[in-house]
Every structure is written in C-alpha cells, then in structure tokens.
There are 2 protein chains.
Amino acid sequence: MLREDVTEAIRAAVFGELAAVGYARMSIEGIARRAGVGKTAVYRRWRSKLHLVLDLVSAIAVQGLPAPDTGTLEGDLRLLYEVTSRALRHPVASQVVPDLQAEAARNPEIAEALQKALREGQAGVANGIVEAARARGEIRADADGELALDLMSGPLYWRAVVIRGPKPPKGYLESLTRATAAALRAL
Amino acid sequence: MLREDVTEAIRAAVFGELAAVGYARMSIEGIARRAGVGKTAVYRRWRSKLHLVLDLVSAIAVQGLPAPDTGTLEGDLRLLYEVTSRALRHPVASQVVPDLQAEAARNPEIAEALQKALREGQAGVANGIVEAARARGEIRADADGELALDLMSGPLYWRAVVIRGPKPPKGYLESLTRATAAALRAL
DNA sequence: CGACGTCGGAACGCAACCGTTTCGTCGTCA
DNA sequence: TGACGACGAAACGGTTGCGTTCCGACGTCG
C-alpha cells in the first residue's frame, strides 16, 4: 500500500517546482529532492512528468467554484470577481497558470486538461451567470454567449496575469463590475 | 565584421525555437542547428540565451503599432481590435507570447522587457484611444485609465491566448467593439 | 598578395536528468 | 514473528546541453 503522506508530499513538491522553475524545466529528480523522497516513490505512482501534472490539474478541476446567485447581474459579477481576483493573485496560481497555459500551446493533453478545468471552473460559473441574467431579461436573449464570457473573464485575467498589477485598488472591482454589466447589456 | 545574413538566420531560428519548444527548453545548440550555423557564430554575438531573447523582444518593441484616430471611440476600438486580433492569431505570436509571459514570472529582466514592449505597443495605443475619447467627452474625465485598458485589452487576449479559440466569427469584433464602448462609457 | 577575422564543424570536460536497478531499513498485517 | 512491500539512497549507462577551444576553409580589405 502506497503511503498517503508520501503521495501528498510529492503533490506539494510538484506545485512548488512548477511555480519555481515551470513545467519545462521541472525534473523528476527535482520533485523527489524537494519532497524529500526517493525517485522510486515518484515513479511508483506516475509514469512521467506529464501524467503527474495532468493528474494534478484534473484534481483541481474537480473541486469547482461556488456558483454565485444573488438575483442580480451586478451582484453575481461582483461575487465572481471577488473570488477569481483572490484566486488569481495567489502566488502559486499566478506562476503556475501562465506556465501551463504556455505549455498547452505545445502539448494537446495539457491543453485538453486545462480546457476542461476552465470549462468546469471559471467558464462554467460565468456561463451560469449569463444564463441567469438572460432568464431575468437583464441581457438580450440572443446575446453571444462566448463573447459574454470573454468580456467577463478577460479583463481580470489580463490585469492579474499579463500586466501583473500589484493589488486591485479600492474601487477597482466595483468599477469593473459596473463596466462589465454595461458591456453585457449592450450585447 | 560579422556577417549580417548569419545574424539574420540566427534571429529567425530563435523565433522558430521559441515557438517550437519555448524559452525554457530552448538551447543555443538547437538555435545554431536550426540556423545552420556554428555555435561560435551565436556566442560571438550574444553572451547567453537571455541576452538573445531580450534583444529580440526589445527590437520588436521599437516597431510600435499605428495609432488609430478615426474620430470616434467605436471606430478607434474597431481598428485596434482588427490589428491586435490579426497579430495575436499569428502562429508565432500565439506560441511565443504566452511562453515569454510565463517566463517573465520568474525572470525580472524578461518581465521588464515585456512590460516595456507592452507599454509602447498595445497599452500605448489603447491609452491614446482613451485619451482621445476623454477629450471628446465620450467617456468621463475621471474614468480609471488602468481599468479602461484592462477592459479594452483583456477580452481579446483571453479569447486568442487562453481559450485559444479558432477564428473570430463574423460579427465578433463588431459586437466586442460595441460592448467595450458601452463598458468604457459606464466608467 | 598577404594578413586578418569570420565561418562551420568537431571536440573538450563538466553538469544535470533520464528511467532502471539494487541495496538495506522499516512498518504493517496475518 | 515472519513475510511482504514501500521506503530512501545510491549507482547504473545514456543523452543533452553547457561554454570553450582548436581547426582548416573562405572572403575581404589594405
């Protein structure tokens, strides 16, 4: 029986390595070293670096985010932004996400796992918000759903990951919420 | 005197390698191999992989984008989206950008070069559009400039790079323009 | 024409990982 | 208590890239 504490140590080490050096530079030896285990312990559980990372990404995807349901478009958006802003600004996320994101451009399996995680996470929640708003008549029934998702997710991701801005200042999320709601209503 | 054709072959090879395997996995040997030159030719020009890439990024940054000035916010936005959509969807860009973007999270020098390129490119143009709209009274004088930039740049980047959507369908850019303009006016 | 410098190519010793194997230790379960 | 299996550690041969050095060929400039 594989020891669970060892498995957990390896998982944690993978996140650490992923954040520190990225997927490309990450080595099994490095993971084992950081986890304080032998290489054998790693290979006994996963066949390769790719399987390891795919496993982790899938595991995260399963968790899912809580779906906001405040009864208004603005309220839902605000809640969504609160959660994603916090999540994206977590140091591990802000290092690991763009790295896997870049890797996905070359590795179809990573791309698929990432897409799935996205679909069941951020995109899934955002879609729920759009559907609810549509049902309430807050946005047009024939509004482009994909474009709506881009409008909702893009700006925050851009700021957090691309611009790598420090903190979202006081009224930022409020203004973003207001602006995005206006954009969605204009569809 | 260093031969310019050799220099150019190396530059092209770097882009190729960057797109094919990414910055982390890219090696001087691989670059020389792809360029059909000796390693010596590379080392004679640049001290390291980092210097090479920084040089290329800076060179691109200098080019700059044409600043739209159509007289209306919607017109400027539409033009901006047309250009960036095409640029982002170029295979080289869509592979190289997220890769350097991820690398920047670990390497301050790359981060700085990238920020500079961004500031003088996309962000600079976007800022010009905002200023013009402000002067015309199309958006509030006290609107948050940074947020405006996020609203303008985020959605397209999200779709092109994160979602990696195929092509922007017929009316996408039009709708995006309309929605973004509404968002900016709601600031 | 001769000197110089770049060229591609090959080799240097060194380091890091690869994935596998072997070892002796330790905990657990029957 | 004895068998089993996972454990960490170390070593295996092989691959890749590092940055440097030497080579002979070629071109250009003075």
Would you mind telling me which of [options] lies closest to the side-chain atoms of [X]?
{"X": "B:Ala41", "options": "C:dC7, C:dT20, D:dG8", "result": "C:dC7"}
{"X": "A:Arg33", "options": "D:dG19, C:dC18, C:dC17", "result": "C:dC17"}
{"X": "A:Val6", "options": "D:dC7, D:dG17, C:dC7", "result": "D:dC7"}

Any base atoms under 4.0 Å from [X], or only sugar-phosphate, or nothing? Heavy atoms, all strands.
{"X": "A:Gly36", "value": "sugar-phosphate"}
{"X": "B:Arg47", "value": "nothing"}
{"X": "A:Thr40", "value": "base"}

- Item | Base D:dG8 paired with A:Lys39 side chain (donor-acceptor, <3.5 Å) |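 Flag unset: no donor-acceptor pair detected.
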
[X] [atom1] to [N] [atom2]: how many Å, rounded?
{"X": "B:Lys49", "N": "D:dT16", "atom1": "NZ", "atom2": "C1'", "value": "13 Å"}
{"X": "B:Asp5", "N": "D:dG27", "atom1": "CG", "atom2": "C1'", "value": "12 Å"}
{"X": "A:Glu29", "N": "D:dG8", "atom1": "CD", "atom2": "P", "value": "15 Å"}
{"X": "B:Tyr43", "N": "C:dC7", "atom1": "OH", "atom2": "P", "value": "15 Å"}
{"X": "A:Glu4", "N": "D:dC7", "atom1": "CD", "atom2": "C1'", "value": "15 Å"}
{"X": "B:Ile28", "N": "C:dG8", "atom1": "CD1", "atom2": "P", "value": "14 Å"}
{"X": "A:Arg45", "N": "C:dG19", "atom1": "CZ", "atom2": "P", "value": "17 Å"}
{"X": "B:Met1", "N": "C:dC7", "atom1": "CE", "atom2": "C1'", "value": "15 Å"}

So, OP1 or OP2 of [N]: does either fall under 4.0 Å of a side-chain N or O from [X]?
{"X": "B:Arg25", "N": "C:dC17", "result": "no"}
{"X": "A:Arg3", "N": "C:dG27", "result": "no"}
{"X": "A:Arg44", "N": "D:dG8", "result": "no"}

- Taking it one step at a time, do A:Glu29 and A:Lys39 satisfy salt bridge (Lys or Arg N to Asp or Glu O under 4.0 Å)? CA-CA 6 Å; A:Glu29 306 225 358; A:Lys39 277 202 290 179; 3.0 Å; yes

- Message: salt bridge (Lys or Arg N to Asp or Glu O under 4.0 Å), that's the test. Do B:Asp99 and A:Arg106 meet it? Break it down for me.
- Response: CA-CA 10 Å; B:Asp99 190 85; A:Arg106 275 165 222 112; 3.2 Å; yes

- Determine whether the side chains of A:Tyr172 and B:Asp150 contain a donor N or O and an acceptor N or O closer than 3.5 Å. yes

- Item | Heavy-atom pair with the smallest gap, counting every atom of A:Arg178 and B:Leu187 | NH1-C, 3.8 Å

- Audit row: A:Leu73, A:Leu77, side-chain contact (heavy atoms from CB on, under 4.5 Å) steps and yes/no: CA-CA 6 Å; A:Leu73 175 57; A:Leu77 279 178; 4.1 Å; yes

